[in-house]
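The structure appears below as structure tokens.
Here is how names work: the chains are called A, B, and so on, in the same order as the sequence lines, proteins then strands, and each is numbered from 1. From a predicted model like this one, the values you see are computed outputs, not experimental measurements.
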Number of protein chains: 2
Amino acid sequence: MPDQQSTLRAHRRAETQRAIQAHAVRLFTERGYDGTTVNDVAEAAGVSPMTVYRHFPTKEDLVLIDQHAQLVADRIAASPATQPLVRRIGGALIESTTTVTGGHGGGDLSTSGQFLLARLRLMISTPALRAKHLDNNYALQQAIVTALGDDTTDPDAAFHAHAAASACLAAMHTALVRWAEDDGRSELPDLIARALTAAFGDDAVQVRSDAR
Amino acid sequence: MPDQQSTLRAHRRAETQRAIQAHAVRLFTERGYDGTTVNDVAEAAGVSPMTVYRHFPTKEDLVLIDQHAQLVADRIAASPATQPLVRRIGGALIESTTTVTGGHGGGDLSTSGQFLLARLRLMISTPALRAKHLDNNYALQQAIVTALGDDTTDPDAAFHAHAAASACLAAMHTALVRWAEDDGRSELPDLIARALTAAFGDDAVQVRSDAR
DNA sequence: TACCAATCTGGTAGTGACTACCACTGAGGT
DNA sequence: ACCTCAGTGGTAGTCACTACCAGATTGGTA
């Protein structure tokens, strides 16, 4: 069965994709996003401009592509439906972020953490990237509402879910900005929890083990 | 003094700007945003493509430009600093929206209301417009935090303000989407109030005179 | 082993948004 | 009447992105 149908092919594809993205983020950081053409990225990665477009539909996706959304949606669907919306969503955001950043202990970041930080800085400072990233967050909001699984027939319930999800994601974005300003020195999950608390009040976030 | 320095000139400038935008929104609605070129808009408005770019820096701005942000910032600055953040911000959003939509009584919309609705529909359905609109909301968030006037030296206070502002704006955006889905039949200020309540709880929105 | 099919890659020639750079016109104030 | 300058238009160019087509490599098959 074609599950891992051609490991070699898939692996090579993933590898060139990773290489292109790495060169892109490096060049964007060095020369600026607008000061770097897609041709520059292709040349640096040793491929043709065509190949870049095959792996990344747009120039923005060279920075923005990740699989965070799927992670969050899965956590949402797995959360107990008895809790209030904001807590379900906020909890999923915090947990999935913990997975991504890895439970490193406060100090310096791993290589992947530095890469994430570089991408985040570009997202925040470059208007085109920031705009598309916010739109991706909007798509994530739709996914979250779907994953909540509450009855979609009641328009009021759907409205409630959308309002809660959008507000939670906005708070998370605020935490991401703060994290980038701190150069990743703080614990991102803690920052998200604090942002949620700041927006919704103390009862919005579940009591945690308080590892601070 | 050059306050109203050349009424005729300023008036003509504002008039062509308005005409270009009207034709743009009409064409985008008829043929789709991506299916309409800036040249098409220029031709329909009877000006050269150059002139369009003089008045609107980007194609997206043909739909997005408005002065809502200034209205909100003014209201924020005028709000009493004693109230909680979410209430100050939410109140300003509701009040400024009431100003924009005009206190019409439930039924059909004025011409300007229809125009606003058409623009909003484009913003929601067109990815490029949606992304830039969300980024404009992000800029508004910065403006709101500044207008709050709380001491900017304390990073924690600033973080709190950003989290609250972003969450409020997200809730408002949810209300805007719902309003567009209702074809503007509901009262937008009421929808915003409901979205804020859905996200933050009953105590987030001030009790209103209930003019319904 | 020879063959087929699908995928990966590269090239060419566009379209369309947007940006210099320059020239013309007409309104406002002296 | 003259000067200034904002407003407008034209040309040529850059760059993101998209068909359309062609060669190469890999995986499975007769």
N/O-N/O pairs, protein side and nucleotides 18-25 of chain D side, under 3.5 Å:
none

Got a salt bridge between B:Arg178 and B:Asp182, using NZ or NE/NH1/NH2 to carboxylate O under 4.0 Å?
yes
Can you measure A:Glu15 atom CD to C:dT7 atom P for me and round it to whole angstrom units?
21 Å
State which residues pass side chain to side chain contact (heavy atoms under 4.5 Å, CB included) with A:Ala195; sequence neighbours excluded, sorted by chain then number.
A:Ala171, A:Ala175, B:Phe159, B:Ala163
Sequence neighbours excluded, which residues qualify as side-chain hydrogen bond (donor to acceptor under 3.5 Å, both in side chains) partners of B:Gln67?
none
Just the rounded figure in Å: distance from C1' of C:dA27 to NE2 of B:His11.
16 Å
Heavy atoms within less than 4.0 Å of DNA chain D: which residues of residues 20-37 of chain B have one? Give them sorted by number.
none
At what distance, to the nearest 0.5 angstrom, does CZ of B:Arg121 lie from CH2 of B:Trp179?
9.0 Å
Distance, rounded to the nearest Å, where B:Glu43 contributes CD and C:dG16 contributes C1'
15 Å
Write down the distance between NZ (B:Lys59) and P (C:dT19), rounded to a whole number of angstrom.
14 Å
Holding to side chain to side chain contact (heavy atoms under 4.5 Å, CB included), I want the full list of residues that pass it with A:Ser112, two or more places apart in sequence or in another chain.
A:Ser110
Tell me the interatomic distance from A:Glu60, atom CD, to D:dA16, atom P, rounded to whole angstroms.
10 Å
Please identify each residue that fulfils side chain to side chain contact (heavy atoms under 4.5 Å, CB included) with B:Arg12, with sequence neighbours left out.
B:Leu8
Rounded to whole Å, how long is the line connecting atom CG of B:Asp40 with atom C1' of C:dG16?
11 Å
Listed partners of A:His173 passing ring pair (Phe, Tyr, Trp, His ring centres under 6.0 Å), at least two apart:
A:His133, B:Tyr138
At less than 4.0 Å, is any side-chain N or O atom of A:His55 found next to OP1 or OP2 of C:dC8? Yes or no.
no
Ring pair (Phe, Tyr, Trp, His ring centres under 6.0 Å) against A:Tyr33, all qualifying residues, sequence neighbours excluded:
A:Phe28
With sequence neighbours excluded, tell me which residues meet side chain to side chain contact (heavy atoms under 4.5 Å, CB included) with A:Val38.
A:Val52, A:Tyr53, A:Lys59
Taking only the side-chain nitrogens and oxygens of B:Arg13, find out if one of them lies under 4.0 Å from OP1 or OP2 of D:dA6.
no
